[in-house]
Amino acid sequence: MSGGRAGTAVLPRPASVPVTAVAAWRRRLTSGAAAPYWQVAPLALVFAFFFVLPLAVTVVVSGWRYNEYSMTPAVVGDNYAAVFSGCLSELPGLCLTFKTYLSTLKFCALAWLLTLVLGFTVAYFLAFHVRSVTVQMALFLVCTIPFWTSNVIRMISWVPLLGRNGLVNSVLLATGAVPQPVTWLLFSDFSVVLAFVHLYTMFMIVPIFNSMSRIDHALLEAARDAGASGWQALWNVVVPLSRPGIVIGSIFVVTVVMGDYVTIGVMGGQQIASIGKVIQVQLSYLQFPLAAANAVVLLVAVLMVIAAMTRLVDVRKEL
Amino acid sequence: MTHTRTQPATVGRRDVLRGAAALTGSALLGAPAIVSAQPVTLRYLGTAVNQSKEIAQKVKADLGIVIEYVPVTTDDVSKRIITQPASFDVADVEYFQLRKLMPSGNLVGMDARRIKHADKITPVFTRGEIAGKKIGDQGTAPRKVFYLESKTSTKFSAAPTQWITLIPTVYNADTLGIRPDLIKRPIGSWAELLNPEFKGKASILNIPSIGIMDAAMVVEAMGKHRYEDKGNMSRAEIDLTTRTLIEAKKAGQFRAFWKDFNESVNLMASGEVVIQSMWSPAVTKVRSMGVPCIYQPLKEGYRAWAAGFGLPKTLAGKKLDAAYDFINWFLSGWAGAFLNRQGYYSAVLETAKAQMESYEWAYWMEGKPAEKDIKAPDGTLLEKAGTVRDGGSYEARMGAVACWNAVMDENDYMVRKWNEFIAA
């Protein structure tokens with residue numbers, strides 16, 4: 001209720017409005033029903049300014065015409081046509097956009113699968129095998145160590161490890177495992193996925209650990225008493241109860257990977273396409289409307305993926 | 001007092017240095033209020049290469065003008081000029097960008113009568129020649145976009161006029177960088193970039209408008225096609241060029257592509273790549289790490305680039321006068337010598353020469369063996385006595401220019417095809 005009162009205090013009283021109307025307003029604003037609206041107002045405003053507005057601008061601009069030095073407001077589908085140019089005529093071959101999305105989806109799937117398995121395992125260990133909360137927290141902090149340096153440095157530091165003259169190749173050569181340095185370790189699909197897993201496993205660990213720490217240990221004991229094997233308990237008790245964490249972690253990883261172009265750029269040696277990179281190139285050539293159209297398409301694609309994932313679990317209900 | 005912002009030890013021509021601009025503003029607050037008139041501040045928009053601390057300090061000492069750097073990438077310079085024309089007082093722009101910048105009307109012509117050394121600017125810019133000999137004219141050669149029809153015109157004039165688009169700051173001729181210790185044989189042609197001998201050890205830069213021209217140099221050197229103008233290809237030519245690149249990429253020719261100065265240094269220094277398109281300061285940096293690297297002159301010639309100062313239309317009064325003072329100072333020798341010592345070339349050679357030691361001039365500009373050790377402006381050793389500059393003298397290097405960085409008429413199409421190449 002204090003929120004409602006604070007709200008009326010700052011409201012100036014418009015002089016020209018009849019007194020009865022003002023009174024009605026005041027009643028409405030101070031009544032209990034309005035309080036929640038005042039409480040969400042700050043966040044809603046921030047959201048409107050920094051999220052809804054830019055998004056609306058992006059959508060609007062994606063329909064504009066442009067040349068190298070100016071943009072003309074319009075509502076045309078040219079930019080979307082350009083995004084999907086050749087997608088029909090080149091069938092059964094893939095056009096640039098489809099090829100890029102396919103490649104991005106591939107990275108998404110691989111990164112998601114690996115971070116999920118790894119993140120789940122780590123979270124499981126932290127939640128069920130470490131008894132002391134202090135040790136739990138200490139190990140949790142250990143997990144964040146990779147985040148103490150910048151993203152780019154973390155990626156670049158793979159080069160001396162995986163490069164042609166890197167550490168891994170030196171070991172392989174010295175042990176006679178390979179006659180010549182292997183090159184697929186770096187600037188390849190492998191190195192991109194490796195970097196994703198390295199960067200984003202934490203995003204899986206945190207929500208899954210959060211879900212797991214709420215699981216009553218008595219449930220596991222009950223499962224064991226009822227004759228479930230370790231795997232059965234894991235599959236039938238732990239996994240279903242960790243589902244919100246898994247879905248939230250998956251949403252994090254999938255959205256980040258979908259829009260990423262820095263990791264793919266650096267670890268892929270700039271040789272692998274990504275939607276983010278295409279948008280960035282278009283921006284640097286002042287093709288704002290085209291870039292906006294690409295961004296809208298990307299947004300729709302990501303929303304579809306997320307919609308599919310939230311179908312699996314009602315995140316709001318589970319929280 | 002002028003700058004508290006730190007500069008990287010070696011700055012690439014198009015190094016990314018974002019967001020540092022805000023800091024310079026706060027540095028100014030600490031200025032002592034001894035000077036009766038407020039010192040004029042010029043916001044200098046450009047890439048990091050010219051934005052040396054030393055130049056700002058010298059300008060402050062000589063003219064009392066405070067230079068506030070706004071360091072961004074080449075692409076962002078265009079973006080700022082088009083979208084925020086009031087956010088800078090002097091822009092350091094590449095000539096090839098002018099074809100898309102001038103039609104916006106955000107830059108205006110500079111009055112040649114107010115530029116003291118205007119008639120001494122090297123004929124590379126004014127006439128497209130060097131020592132009386134015509135040089136390569138393909139692409140957006142500065143000669144083509146040097147003059148405007150009138151102060152506020154958006155049309156370029158072929159004949160000299162009183163109105164100059166950009167007063168040149170630096171320019172250079174780019175070629176391939178190689179690792180002589182790993183290649184172990186002489187390299188003499190652009191065609192070597194796609195030679196299967198270097199399969200998995202080649203690289204090209206992933207900046208479409210420049211990369212496509214390097215690729216065109218290669219295609220022409222391979223004898224596949226003779227371009228009318230590598231800086232302005234037809235759609236068929238763009239198709240041919242990107243197809244050649246895609247074939248090479250699928251065959252595994254490229255180890256990686258690079259976009260950033262430091263990436264090219266890492267690729268070369270680590271031995272991941274032995275031949276690649278490169279920029280001169282990157283070669284210097286690899287060499288300063290003790291790794292042999294040559295900026296290899298090639299028989300087909302160089303791809304050149306040039307940058308210069310432009311003025312926004314919003315500039316007036318004291319700031320406008322200060323901008324002219326600053327530009328005149330830039331051409332008066334000290335800055336020219338400073339840039340020449342980094343391996344770039346300056347606009348007015350005779351004033352720069354007066355500020356350099358004769359052995360320095362002989363090494364950097366005349367292509368003679370260094371009499372003494374050659375040092376960078378900050379005093380670090382660049383070359384030992386006896387070395388000769390890659391590519392030789394100014395006349396030999398700039399005289400062998402084959403084409404200039406450019407924006408094509410079919411720019412949109414080219415960018416799309418380039419994206420296809422990256423996705424292939």
Side-chain angles (χ1 to χ4, degrees), chain A residues 66-71 82-83 85-86 90 94-104 152 156 159-160 162-166 169 180-184 186-188 191 261-262 264-275 277-288 290-291 294, chain B residues 16 73-79 81-83 97-106 154 182 199-201 203-209 211 249 252 254-260 262-263 266-267 269-274 407-409 411-424:
Chain A
Y66 69 98
N67 60 22
E68 258 138 24
Y69 43 85
S70 66
M71 292 189 281
V83 169
S85 80
E90 280 170 32
L94 287 172
C95 63
L96 174 63
T97 303
F98 285 173
K99 218 186 270 176
T100 312
Y101 272 97
L102 201 67
S103 146
T104 307
V152 175
I156 286 175
V159 176
L162 302 175
R164 206 193 298 274
N165 308 312
N169 265 321
Q180 269 176 2
V182 284
T183 53
W184 56 263
L186 189 61
F187 304 139
S188 59
S191 57
Y261 67 94
V262 178
I264 295 182
V266 175
M267 297 305 290
Q270 310 268 6
Q271 295 216 59
I272 300 170
S274 57
I275 303 297
K277 183 73 194 171
V278 170
I279 294 175
Q280 192 221 8
V281 168
Q282 287 164 346
L283 282 178
S284 62
Y285 282 81
L286 299 168
Q287 303 169 337
F288 292 117
L290 191 54
N294 253 314
Chain B
V16 186
T73 60
T74 307
D75 292 335
D76 282 344
V77 171
S78 308
K79 229 186 277 176
I81 292 172
I82 301 268
T83 57
Q97 297 171 294
L98 287 178
R99 285 187 59 198
K100 57 182 175 184
L101 295 182
M102 293 319 283
S104 73
N106 289 345
T154 55
L182 298 177
K199 188 177 157 194
K201 293 175 184 175
S203 175
I204 196 167
L205 79 174
N206 184 11
I207 296 176
S209 58
K249 187 184 173 192
F254 300 111
R255 180 66 174 136
F257 305 130
W258 60 268
K259 170 141 194 177
D260 165 81
N262 288 312
E263 284 175 344
N266 285 339
L267 286 174
S270 65
E272 296 295 330
V273 159
V274 299
V407 173
M408 303 188 185
D409 294 336
N411 193 37
D412 284 7
Y413 185 73
M414 187 276 292
V415 172
R416 201 165 84 215
K417 295 305 274 189
W418 186 269
N419 276 332
E420 279 176 27
F421 159 53
I422 298 300

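Throughout, protein chains are lettered first and strands after them, A, B, ... in sequence-line order, and every chain is numbered starting at 1. Computed from a predicted model, the values in this text were never measured in an experiment.
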Contact origin within [X] toward chain A - heavy atom pairs under 4.5 Å:
X      : result
B/L101 : neither
B/K201 : both
B/D412 : both
B/W418 : neither
B/S209 : both

*Between B/N419 and A/L96, is there a donor-acceptor pair closer than 3.5 Å when you use the side chain of the first and the backbone of the second?*
no
*Do the side chain of A/Q271 and the main chain of B/R255 share a donor and acceptor less than 3.5 angstrom apart?*
yes
Does any part of the side chain of [Y], heavy atoms only, come nearer than 4.5 Å to the side chain of [X], both counted from C-beta?
X      : Y      : result
B/I82  : A/F288 : no
A/L286 : B/S78  : yes
A/Q270 : B/I422 : no
B/K259 : A/K277 : yes

Minimum-distance pair of heavy atoms, taken over all atoms of [X] and [Y]:
X      : Y      : result
A/L283 : B/K79  : O-CE, 3.5 Å
B/A423 : A/T100 : CB-OG1, 4.2 Å
B/G271 : A/R164 : O-NE, 3.7 Å
A/V281 : B/P208 : CG1-CG, 4.0 Å

*Is it the case that more than 12 heavy atoms not belonging to A/Y261 sit under 6.0 Å from its OH atom?*
no
*Tell me, out of B/W258, B/F257, B/F254, who's got the most heavy-atom pairs with chain A below 4.5 Å.*
B/F257
*How far does CD of B/E420 sit from SG of A/C95, to the nearest 0.5 angstrom?*
8.5 Å
*asked:* Nearest 0.5 Å, please: how far is OH in A/Y285 from CZ in B/R416?
replied: 15.5 Å
*side-chain contact (heavy atoms from CB on, under 4.5 Å) evaluation trace for A/T183 with B/E272*: CA-CA 9 Å; A/T183 53; B/E272 296 295 330; over 6 Å; no
_Leading residue by heavy atom contact count with chain B [cutoff under 4.5 Å; candidates A/P181, A/S103, A/G269]_ = A/G269
*Can you say whether A/S85 sits under 4.5 Å from chain B via the side chain, the backbone, both, or neither, judging by heavy atoms?*
side chain
_A/L290, part contacting chain B, at a heavy-atom distance under 4.5 Å_ = neither
